[in-house]
Undergrad: 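The following block contains the structure, expressed as structure tokens.
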Number of protein chains: 2
Amino acid sequence: MQLTPASVALVRGAAVQQVHRAETHEIAPGAGSGMNSPPTILPAGRVLFWQGDDQRQQIEICKGLVRAVRLFGNGRRQILAFYWPGDIIRAIRGSSYSYTAETVSQCELRWCSEVHLACGPTNRSGADQILGQVLPLLTAIAQKSTVARLAWFLLRVRNHLPPDPRIEGVLRIVFPRADIADYLGMSVETVCRTLSDFKTRHLIDLPTRKTLRIRDVSRLRKIAQGWSAF
Amino acid sequence: MQLTPASVALVRGAAVQQVHRAETHEIAPGAGSGMNSPPTILPAGRVLFWQGDDQRQQIEICKGLVRAVRLFGNGRRQILAFYWPGDIIRAIRGSSYSYTAETVSQCELRWCSEVHLACGPTNRSGADQILGQVLPLLTAIAQKSTVARLAWFLLRVRNHLPPDPRIEGVLRIVFPRADIADYLGMSVETVCRTLSDFKTRHLIDLPTRKTLRIRDVSRLRKIAQGWSAF
DNA sequence: CGGACGCTTGAGACTGATCAAGCATAGTGG
DNA sequence: CCACTATGCTTGATCAGTCTCAAGCGTCCG
């Protein structure tokens with residue numbers, strides 16, 4: 001059995017941290033030198049850093065998808081944000097309210113020193129960055145129905161999902177359904193059912209389980225705005 | 001009719017901002033001088049600053065209660081945090097994801113320059129501060145039942161609520177039920193019902209509508225942890 | 001004293017979670 | 001290359017939890 005973070009989280013107490021740390025990615029060589037390290041390729045399901053770590057590096061995502069997640073003792077988790085190619089992860093240092101970063105898919109990453117990017121256009125603190133992600137999420141979860149939340153989510157990730165090379169206009173869904181569920185605060189079953197509903201209503205297509213085509217953006221927008229189911 | 005922020009929010013578009021600004025508190029004299037201004041007393045329901053304002057001052061709460069809230073066009077709102085005596089509000093500058101600050105009860109406030117407090121023990125950015133409030137709230141709303149959320153809330157505010165001078169061990173609930181509802185993402189009716197349930201189960205007392213006595217902290221803690229109703 | 005507002009309780013409907021079963025897909029080893 | 005298996009996905013049935021609508025009550029303030 002391979003230990004994925006999700007399954008490991010079912011274990012309680014100190015053992016969690018132990019196993020967790022065992023599979024943490026070793027920081028790339030030369031990362032602390034002030035120069036950018038060369039890109040690193042990581043498979044899916046690897047941890048970049050743990051919540052509570054004193055993370056002083058920034059991580060640039062060249063390819064792939066990374067999720068920011070809070071893990072709880074009862075096996076549940078809350079995904080706070082997704083990071084897409086071009087994003088730079090700035091960790092929250094010295095805060096008990098930080099998060100764990102994991103690769104969702106295979107990733108090409110670049111560790112870089114904090115100083116190097118401090119003056120760039122993305123000059124925001126890690127807290128600022130996460131807050132910009134979490135505030136809309138909070139209001140979506142607190143105020144929208146599951147249907148509206150999922151529509152909102154699809155519109156948000158639409159511009160980030162990589163296109164499927166085989167069919168024009170089709171996007172590759174790089175995350176499992178469980179990630180959508182743990183991001184939007186709903187069950188996997190409801191995610192599936194609602195996606196099927198969207199398909200039935202010709203809002204989207206699901207050519208395969210891992211591909212998506214958005215057919216009616218404007219109607220999806222209307223659904224995403226309101227509370228009501230449809 | 002008196003225009004409270006909540007009722008004004010029912011209006012749409014530009015008019016909202018207009019009326020809103022009309023009742024904004026005028027910044028205390030001398031606030032920008034680098035010296036602390038003398039304490040200011042404000043009645044309940046006044047706005048300290050608006051979401052999107054370029055707020056460069058910090059506000060120390062000497063007495064009373066302030067709420068951080070995001071207002072939406074459809075009349076809904078999401079309360080992000082409460083600030084209690086001793087707290088210092090650091091606004092989020094230059095971010096579209098900032099918030100509005102309003103007095104919940106009569107308040108004694110002190111405007112102070114940002115520099116003055118930059119080296120104190122509360123040396124955290126505004127984003128850091130809000131994030132520390134919002135992350136636990138997000139996970140509470142996303143993962144707990146309404147019952148667990150309310151128990152969690154009561155335990156959180158317990159140490160901040162001012163004691164009622166008349167009866168020993170009784171606290172004054174300074175916020176209306178609607179504030180609890182808009183903070184925890186539930187309806188006012190559910191807040192009422194759940195409080196009544198807690199009373200029936202001897203977890204709390206409600207001597208009057210505005211007073212509260214917590215009778216069984218440990219049982220309340222158990223309820224606050226789990227998803228299950230009781 | 002009257003009215004407005006906030007609080008409380010009830011009835012009903014409906015959303016969404018849970019449990020359960022079956023199916024598709026990708027990965028593995030013969 | 002083909003079973004075989006593990007995993008993730010999908011759909012159905014059921015029901016608890018929570019919202020909505022509605023009505024009544026208490027309290028505060030003019």
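Reckoned from all heavy atoms, side chains included, excluding hydrogens, waters and symmetry mates. Note on naming: letters A, B, ... go to the chains in the order of the sequence lines (proteins, then strands), and numbering restarts at 1 for each one. Only a predicted model underlies this, so the values are computations on that prediction, with no experimental measurement involved.
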Undergrad: Specify the separation, in whole Å, of atom CZ of A:Arg209 and atom C1' of D:dT11.
TA: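 Taking atom C1' of D:dT11 as the reference, CZ of A:Arg209 is at 11 Å.
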Undergrad: Once you round it to whole Å, what is the distance between P of D:dT10 and CG of A:Leu150?
TA: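 Going from CG in A:Leu150 over to P in D:dT10 covers 11 Å.
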Undergrad: Identify, between B:Thr208 and A:Glu189, the residue whose nearest nucleotide on DNA chain C lies closer to the 5' end.
TA: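 Closer to the 5' end of DNA chain C: B:Thr208.
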Undergrad: Starting at atom CZ of A:Phe175, determine the distance to atom C1' of D:dT7, rounded to an integer number of angstrom.
TA: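 After rounding, the reported distance stands at 19 Å.
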Undergrad: For C:dG16, does either OP1 or OP2 sit under 4.0 Å from a side-chain N or O belonging to A:Thr146?
TA: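 Affirmative; the distance criterion is met.
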Undergrad: I want to check one thing: is the phosphate of D:dC19, taken as OP1 and OP2, less than 4.0 Å away from some side-chain N or O of B:Thr190?
TA: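 Checking D:dC19 against B:Thr190, a side-chain N or O does come within under 4.0 Å of OP1 or OP2.
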Undergrad: Using the closest heavy atom to pick a nucleotide of DNA chain C for each, name whichever of B:Ala178 or B:Arg193 lands nearer the 5' end.
TA: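 Between the two, 5'-proximity favours B:Ala178.
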Undergrad: What is the minimum heavy-atom distance between B:Ala68 and B:Ile130, and which atoms define it?
TA: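 For B:Ala68 and B:Ile130, the tightest heavy-atom pair comes out as CB-CD1, 4.5 Å.
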Undergrad: Should the pair B:Lys199-B:Asp205 be classified as a salt bridge under the 4.0 Å nitrogen-to-oxygen rule?
TA: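 The answer is no: the pair does not qualify as a salt bridge.
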Undergrad: Without decimals, in angstroms, what is the distance between A:Leu206 CG and D:dT10 P?
TA: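 Answer to the nearest Å: 7 Å.
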Undergrad: Quickly work out the B:Met186 CE to C:dT15 P distance and round it to whole Å.
TA: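 Nearest whole value for this atom pair: 20 Å.
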Undergrad: Counting just side-chain N and O atoms, does A:Arg177 come under 4.0 Å of either OP1 or OP2 of D:dT10?
TA: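 Yes, within the criterion.
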Undergrad: Using 30° and 60° as the class boundaries, would you call the ring planes of B:Tyr183 and B:Trp152 parallel, tilted or perpendicular?
TA: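 Geometry flag for B:Trp152 against B:Tyr183: parallel rings.
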Undergrad: Is any side-chain nitrogen or oxygen of B:Lys210 closer than 4.0 Å to OP1 or OP2 of C:dC7?
TA: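 Checking C:dC7 against B:Lys210, a side-chain N or O does come within under 4.0 Å of OP1 or OP2.
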Undergrad: With the side chain of B:Ser187 defined as its heavy atoms from C-beta on, choose the nearest nucleotide among C:dG16, C:dT18, D:dT20.
TA: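 For the B:Ser187 side chain, the nearest candidate turns out to be D:dT20.
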Undergrad: Just N and O in the side chain of A:Ser196: are any of them under 4.0 Å from OP1 or OP2 of D:dT11?
TA: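 So the side-chain polar atoms of A:Ser196 do come within 4.0 Å of the phosphate oxygens OP1 or OP2 of D:dT11, strictly under.
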Undergrad: Rounded to whole Å, please give me the gap between CZ in B:Arg76 and P in D:dT20.
TA: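 Those two atoms, CZ and P, are 6 Å apart.
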Undergrad: Indicate yes or no: does B:Asp179 engage B:Arg77 in a salt bridge with an N to O separation below 4.0 Å.
TA: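 A salt bridge links B:Asp179 with B:Arg77.
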Undergrad: Starting from P on C:dC7, measure out to CZ on B:Phe198 and report it in whole angstrom.
TA: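 In whole Å, C:dC7 P and B:Phe198 CZ are 17 Å from each other.
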Undergrad: In whole angstrom, what separates A:Ile223's CD1 from C:dT15's P?
TA: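 About 14 Å, once rounded to whole Å.
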Undergrad: Which atom names give the shortest non-hydrogen contact between A:Trp84 and A:His160, and what distance separates them?
TA: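 Smallest heavy-atom distance, with atoms named: CD2-CB, 3.2 Å.
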